[in-house]
Amino acid sequence: MRLVMNEPVERMDRPYARRWWALLVLCLSLLIIVMANTALTVAAPDMTQDLGLSSADLQWVIDGYTVPYAALMLLLGAIGDKYSRRGALVLGLVVFGGGAVAGSLVDSSTGVIAARAVMGVGAALIMPATLSLLAATFPRAERAKAITLWTATAGLAIAAGPLVAGALLQNHGWSSTFLINVPIAVVAVIGTFVLVPPSRAAHHHRIDYVGGLLSVVWIGSLVYMIIEGPHFGWGVKAVTAAVAAGVGFVLFIGWELRHPRPVLDVRRFAHRRFAGSNLAVALFFLAVFGAFYYLTQHLQFVLGYDALDTGVRMLPLAGAVFAGSALTGYLTPRVGMKITVTAGMVGGTAALALLTRVDAASSYGDFVLPLVILGLAIGLALSPCTDAIMGAFPESELGVGGAVNDTSLELGGSLGIAILGSVLAGSYSSHLSDATAGSKLPASALSQAQDSVGAGYAVARGIGDKARQLGEQAGQSGSSEQAAQLKAQSGELAHGARQMADAVGSAFADSVAHTSLVGAVVLGVGTVLVGVLLPRKEAAVREDAEEQERKQEEGREQEEGLVDSEAR
């Protein structure tokens, strides 16, 4: 057996024998880039305390990864198609691992943000490469099953990130959540060379670098605007990013429509199945990432679970994703993609609707059913959509196909955190103001507490600490009258601290319910749109046949173009 797999898939006369082992390597690569974000949600409190991060610093520590990740995928996917998909995966793993090492060593917010940005560049190489290599390695008859496992891995990573980070934080600092990526990346690099066959487009025209750079401009600006505007206000930076995104998008569409070999043929979005699948992916991750953002906060701050306990309590979501993925493999061939995807989106809407019942008295048990339903919904909806998106691209553009799927995913996730996060913050601030009305809480303390649920509990702890100090002073006072006054003040402050903590918990629980309602409405409306867009089973079969014919025609045109080029 060869130590390094060097025979390209394109030259094999039969399906690659070790393709399921290759899929394991691709899923492992996917696992770490999804976990890189979800693990950080539970490491954030320790990082904030150790580095003295402001709320703006923390936001960019999280989102410094997202901007290059989303912006670069399309261009890097096209480069991987032309030169080497396996090379793109290996380079991405090396860059990602290097960024992780740097992130564990720095001691400033600027350093961590820069390291996360480097990891985002690595992720932009890895993500489309995993899907393009999967599509190139597996025969069409097995591709849907392989994509189902790939999607299930993404769902597992969403829940596994907090679990792994929580376990590490029991005995190690926040830097360990960066370093855990390094050995996994090393194993993935070795596995890639040993098990994953090299692959690139057999016939690939010159890369449309102008279109690729325009995609970087408009996607990067859009993601930056989504992050900057809702969190930090619509100042010059956010407005400039919005203008750049709009202008860049118009120029991108105009260029791609006129270019003979565009980096992305935007006419594909005229096909109902392709457009509906991308919309479903974006909307679903809007709901999932948004819900994950506030559910982890509720478990940690309101219910008082530590990082590890929070991770454990997200496991029902991961298990349900696998169950939903298994159902997809059974249902889709029988009832069609339209019914399976729509059922998944209805399930996601129902899960968010159940979360509208959350209140101050809610326990973890009230979250189990929504988590299970949400996990089942992810498994049902995403695998068929990803398969449909990848199936719309010819062999020469599999990396671009993976990038389109992953860009929809990332844009949806960014929008989810921005939109639902903004709704959550506004609702929490309003509910806390109402809950503390008539109290003697200073305006400055209320303003601080309204910043976030963590800040609210910090204010409550500060009042409690002041009460304990006065109690200690009362015990040391030589005057009985002064001691009595100090005890009275201590008791009043202690009561105020309990009231403040109760108000923060109640306000955040109410904001979770309100935000879930907004998320359910958004996903519900999106479900109707996706249901209208996706063709019925019979129409989908016809569209598939037309798509295959179009792809074959593209392949013939590329071959003719290559022959003409060689003749010249």
Side-chain angles (χ1 to χ4, degrees), residues 1-12 14-39 69 73 76-77 79-81 83-101 118-139 142-143 145-158 160-161 164 177-200 318 322 325 386 390 398-399 402-403 405-406:
M1 185 176 68
R2 299 173 186 170
L3 183 61
V4 176
M5 179 63 202
N6 284 323
E7 183 181 3
V9 175
E10 296 82 10
R11 296 180 187 172
M12 297 179 185
R14 65 184 64 186
Y16 175 48
R18 293 189 289 171
R19 58 192 178 278
W20 295 104
W21 287 104
L23 178 63
L24 179 63
V25 175
L26 299 179
C27 288
L28 189 65
S29 303
L30 171 69
L31 187 74
I32 59 172
I33 61 174
V34 177
M35 282 177 53
N37 252 358
T38 59
Y69 178 21
M73 272 194 286
L76 295 181
I79 291 173
D81 280 335
Y83 295 106
S84 173
R85 293 161 182 153
R86 188 174 74 170
L89 176 59
V90 170
L91 178 60
L93 288 166
V94 171
V95 171
F96 187 90
V101 171
V118 171
M119 293 172 69
V121 174
L125 282 161
I126 295 168
M127 193 72 157
T130 60
L131 262 181
S132 62
L133 285 166
L134 181 156
T137 302
F138 281 83
E142 294 179 343
R143 190 180 295 173
K145 185 185 296 184
I147 286 176
T148 295
L149 293 172
W150 184 92
T151 305
T153 301
L156 173 65
I158 291 173
V164 172
T177 60
F178 281 81
L179 286 175
I180 190 60
N181 295 302
V182 178
I184 300 175
V186 170
V187 170
V189 168
I190 295 171
T192 299
F193 280 119
V194 174
L195 294 169
V196 179
S199 172
R200 65 175 182 172
F322 274 94
S325 299
T386 299
M390 293 302 295
L398 292 176
N405 179 83
D406 302 332

Peer 1: How far apart are the closest heavy atoms of Ala36 and Phe96, and which atoms are they?
Peer 2: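 Minimum heavy-atom separation between Ala36 and Phe96: CB-CZ, 3.8 Å.
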
Peer 1: So which heavy atom on Pro8 is nearest to which on Asn6, and how close?
Peer 2: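 Nearest pair, atom of Pro8 first, then Asn6: CD-O, 3.2 Å.
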
Peer 1: Sequence neighbours left out, what passes side-chain contact (heavy atoms from CB on, under 4.5 Å) with Val118? Give chain and number order.
Peer 2: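 Partners of Val118 under the side-chain contact (heavy atoms from CB on, under 4.5 Å) test: Val95.
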
Peer 1: What residues form a side-chain hydrogen bond (donor to acceptor under 3.5 Å, both in side chains) with Asn405, not counting sequence neighbours?
Peer 2: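 So Asn405 forms a side-chain hydrogen bond (donor to acceptor under 3.5 Å, both in side chains) with Thr386.
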
Peer 1: Please enumerate all residues that pass side-chain contact (heavy atoms from CB on, under 4.5 Å) together with Phe193, with sequence neighbours excluded.
Peer 2: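 By the side-chain contact (heavy atoms from CB on, under 4.5 Å) rule, Phe193 matches Val4, Arg86, Val90, Val189.
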
Peer 1: For the CD1 atom of Ile184 and the CG atom of Leu93, what is their distance to the nearest 0.5 Å?
Peer 2: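 Rounded to the nearest 0.5 Å, the CD1-CG separation comes out at 11.0 Å.
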
Peer 1: Go through it in stages, so that I can follow the logic: the residues are Leu134 and Arg143, the test is side-chain contact (heavy atoms from CB on, under 4.5 Å), and I'd like the CA-CA distance, side-chain angles, deciding distance and then a yes or no.
Peer 2: CA-CA 8 Å; Leu134 181 156; Arg143 190 180 295 173; 4.0 Å; yes

Peer 1: Enter the distance from Leu125:CG to Met73:CE here, rounded to the nearest 0.5 Å.
Peer 2: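 Here the interatomic distance stands at 11.0 Å.
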
Peer 1: Could you give the distance from OG1 (Thr148) to CD (Glu142), rounded to the nearest 0.5 Å?
Peer 2: 12.5 Å

Peer 1: Taking only residues at least two apart or on different chains, which pairs with a member in residues 146-155 satisfy salt bridge (charged side-chain N to carboxylate O under 4.0 Å, His left out)?
Peer 2: none

Peer 1: State which residues pass ring-ring contact (aromatic ring centres under 6.0 Å, His included) with Trp20; sequence neighbours excluded, sorted by chain then number.
Peer 2: Phe138

Peer 1: Nearest 0.5 angstrom please: Thr153 OG1 to Leu31 CG, how far?
Peer 2: 7.0 Å

Peer 1: Ignoring hydrogens, what is the shortest heavy-atom contact between Ala136 and Leu398? Give both atom names and the distance.
Peer 2: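 Of all heavy-atom pairs spanning Ala136 and Leu398, the closest is N-CD1, 3.8 Å.
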
Peer 1: If a pair satisfies side-chain hydrogen bond (donor to acceptor under 3.5 Å, both in side chains) and one of its residues is in residues 182-199, list it, with sequence neighbours excluded.
Peer 2: Glu10-Ser199, Arg85-Ser199

Peer 1: Please report the shortest heavy-atom distance between Val194 and Arg18, naming the atom on each side.
Peer 2: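 The pair with the smallest heavy-atom distance is O-NH2, 3.4 Å.
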
Peer 1: What are the two closest non-hydrogen atoms of Ser325 and Ala152, and how far apart are they?
Peer 2: OG-CB, 3.6 Å

Peer 1: Take Thr137 and Leu23 through the side-chain contact (heavy atoms from CB on, under 4.5 Å) test and state the conclusion after the steps.
Peer 2: CA-CA 9 Å; Thr137 302; Leu23 178 63; over 6 Å; no

Peer 1: In chain order, what residues pass the side-chain contact (heavy atoms from CB on, under 4.5 Å) check against Val101, with sequence neighbours excluded?
Peer 2: Leu105, Val182

Peer 1: With sequence neighbours left out, what residues match Ser29 under side-chain hydrogen bond (donor to acceptor under 3.5 Å, both in side chains)?
Peer 2: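 So Ser29 forms no side-chain hydrogen bond (donor to acceptor under 3.5 Å, both in side chains) with any residue.
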
Peer 1: As a quick check of understanding, evaluate side-chain contact (heavy atoms from CB on, under 4.5 Å) for Glu7 and Tyr16, giving each step before the final call.
Peer 2: CA-CA 10 Å; Glu7 183 181 3; Tyr16 175 48; over 6 Å; no

Peer 1: Is Phe178 close to Met119 at the side-chain level, that is, under 4.5 Å between some pair of heavy atoms?
Peer 2: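 The answer is yes; the side chains approach within 4.5 Å.
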
Peer 1: To the nearest 0.5 Å, what is the distance between CG on Leu131 and CG on Leu30?
Peer 2: 8.0 Å

Peer 1: Report the residues that fulfil side-chain hydrogen bond (donor to acceptor under 3.5 Å, both in side chains) with Thr151, sequence neighbours left out, ordered by chain and then residue number.
Peer 2: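 Partners of Thr151 by the side-chain hydrogen bond (donor to acceptor under 3.5 Å, both in side chains) criterion, ordered by chain and then number, come out as Ser383.
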
Peer 1: Kindly write out the residues that satisfy side-chain contact (heavy atoms from CB on, under 4.5 Å) with Leu24, not counting sequence neighbours, or none if the list is empty.
Peer 2: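 If we apply the side-chain contact (heavy atoms from CB on, under 4.5 Å) test to Leu24, skipping adjacent residues, the hits are Trp21.
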
Peer 1: Could you tell me if the side chain of Met5 sits less than 4.5 Å from the side chain of Val196, heavy atoms only?
Peer 2: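 No; the side chains remain at least 4.5 Å from each other.
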
